[in-house]
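Numbered from 1 within each chain, the chains take letters A, B, ... in sequence-line order.
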Protein chains: 2
Amino acid sequence: MKKDVSTEQKIKDAARKVFMTKGFSGCTTREIAKSVGINVALLNYYFRSKGKLFELILEAALSDFIESMVYVFKQDLALEDKTRLLIDKEFEFLRKHPELPLFIHAGLNQESDAELDQSNFLGRLHQTGIFEECEKAQEAGSMRKVNMINVTLLFMSNCHFPIMSKKLICGIYQIDAKEHEARLIEHQEIVKEMLINYLFPNTNKHV
Amino acid sequence: MKKDVSTEQKIKDAARKVFMTKGFSGCTTREIAKSVGINVALLNYYFRSKGKLFELILEAALSDFIESMVYVFKQDLALEDKTRLLIDKEFEFLRKHPELPLFIHAGLNQESDAELDQSNFLGRLHQTGIFEECEKAQEAGSMRKVNMINVTLLFMSNCHFPIMSKKLICGIYQIDAKEHEARLIEHQEIVKEMLINYLFPNTNKHV
DNA sequence: ACTTATTTTAAACAATTGTTTAAATCGACG
DNA sequence: CGTCGATTTAAACAATTGTTTAAAATAAGT
């Protein structure tokens with residue numbers, strides 16, 4: 001019979017937490033092992049090396065983050081409502097995992113090869129039908145004609161960056177976490193209005 | 001007489017390059033020393049330690065990036081034109097230093113204390129008068145009433161993130177650097193239009 | 001209970017880390 | 001030239017790194 005949680009999973013969980021906050025070269029295998037309460041050698045017994053373990057965590061992180069988008073795209077909603085929901089869900093997700101964006105970007109820079117599409121992220125997004133949906137809306141004139149990569153950039157920029165930049169913003173403006181959270185809440189609404197206004201300009205809004 | 005370039009400066013330059021691409025824990029003092037062509041001990045002779053050197057580079061990077069904004073704010077232009085110029089200059093600056101945003105954010109997370117405002121960044125921004133200028137425009141109704149921290153977030157998100165996320169975007173969408181650059185050029189125009197529309201809504205635009 | 005395979009550990013490995021020490025080299029000035 | 005200070009180096013330091021080896025503990029099957 002298995003234990004309540006397998007050792008392998010416990011290592012993954014601990015490694016995720018440590019890697020997230022300190023990065024690949026910022027931590028040691030012993031640090032991870034200690035936080036699980038096991039011997040260092042056991043880490044190499046389950047995963048072949050520190051690097052291999054890191055790749056696993058990084059890919060899982062990427063997967064999580066794609067999945068949070070896929071969930072929204074699958075909903076049966078009008079494009080405008082999907083836009084709102086996407087932004088809300090992204091902020092909700094990123095509030096729970098605020099270290100994730102920086103971890104992913106820093107992690108991708110560490111990996112020289114970056115065989116990123118083993119997990120077929122693009123395919124998973126395509127399966128939701130979001131691309132065709134946008135294409136149709138663009139043909140119909142209800143959505144502004146913008147390349148989908150640029151649309152992605154717009155969403156990610158305005159959702160991920162405000163979370164990643166917490167320390168920088170707090171440092172520059174000399175505000176504490178509480179004030180920063182207030183700005184974040186406001187930002188969430190700003191982004192929703194701004195993106196919808198930009199992407200769906202024909203829908204009339206009032207003051 | 002001094003050499004053409006002082007050893008101290010050569011070390012700083014090399015350290016900047018290495019730290020930028022590999023991060024603090026991702027490189028070694030010997031690696032930096034070798035890239036300058038000097039002994040490791042000399043590095044500790046000029047700067048007390050690896051950490052001290054890193055702090056210096058990080059602060060200089062932050063300073064550069066603030067300065068590129070200050071330059072724009074000082075110009076004698078209408079707010080809308082400053083907005084356009086700011087975005088153009090940010091993209092220009094970031095194209096020259098694409099690793100800088102990620103380096104700054106990762107670096108700030110490494111530092112536990114993060115005494116960020118020794119350089120008085122907020123003061124330098126205030127001196128340009130940009131805050132009063134925006135406040136006046138907001139009172140006059142030409143600029144949307146948005147907290148200045150949120151305005152900052154809007155600009156930084158839409159300028160910095162597209163540059164930082166190059167590897168991620170290229171990985172997900174399976175595009176090469178050339179195609180990515182094309183998207184970036186388009187993004188620059190998108191961001192200009194979108195932000196101006198949002199921040200200065202009363203100025204009428206045509207199709 | 002005995003055997004066998006899996007899981008876990010302690011210990012050691014060689015390599016690398018940041019830093020220091022003491023000596024050597026260089027530059028300028030008397 | 002000789003001396004003194006600043007610069008630079010080679011060598012060594014102790015600590016830590018990722019990884020491996022061989023033995024121990026545990027679990028499972030018969």
Review point. B:Thr7 side chain N/O closer than 4.0 Å to the phosphate oxygens (OP1, OP2) of D:dT7?
Key: no
**Study point:** Phosphate OP1/OP2 of C:dT8: any A:Tyr46 side-chain N/O under 4.0 Å
**Key:**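 Result: yes.
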Does any donor atom in the side chain of [X] or [Y] lie under 3.5 Å from an acceptor atom in the other side chain?
X: B:Asn158; Y: A:Asn158; value: yes
X: A:Gln188; Y: A:Arg95; value: yes
X: B:Glu90; Y: B:His160; value: yes

Nearest-Å distance for atom pair [atom1]/[atom2], residues [X] and [N]:
X: B:Lys10; N: D:dT7; atom1: NZ; atom2: P; answer: 14 Å
X: A:Leu42; N: C:dT8; atom1: CG; atom2: C1'; answer: 6 Å
X: B:Lys34; N: D:dT8; atom1: NZ; atom2: P; answer: 19 Å
X: B:Ile38; N: C:dC26; atom1: CD1; atom2: P; answer: 17 Å
X: A:Tyr45; N: C:dA10; atom1: OH; atom2: C1'; answer: 17 Å
X: B:Ile11; N: D:dT7; atom1: CD1; atom2: P; answer: 11 Å

Check your understanding: Can you list the residues that meet the side chain to side chain donor-acceptor pair (under 3.5 Å) rule with A:Lys22, with sequence neighbours excluded?
Key -> A:Glu31
Check your understanding: Any ion pair linking A:Lys17 and A:Glu99 (charged N to carboxylate O, less than 4.0 Å)?
Key -> no
Exercise for review: Heavy atoms under 4.0 Å is the rule here; annotate nucleotides 11-18 of chain C 5' to 3' with B where the base is hit, S where only the sugar-phosphate is, and - elsewhere.
Suggested key: -B----BB
Exercise for review: Mind checking A:Phe47 for me? I need base, sugar-phosphate or nothing, with any heavy atom below 4.0 Å counting as a touch.
Suggested key: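 No contact at all - A:Phe47 keeps every heavy atom at 4.0 Å or more from the nucleic acid.
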Review point. Between CG of A:Leu86 and CG of A:Leu77, what distance do you get to the nearest 0.5 Å?
Key: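 So the gap between those two atoms works out to 11.5 Å.
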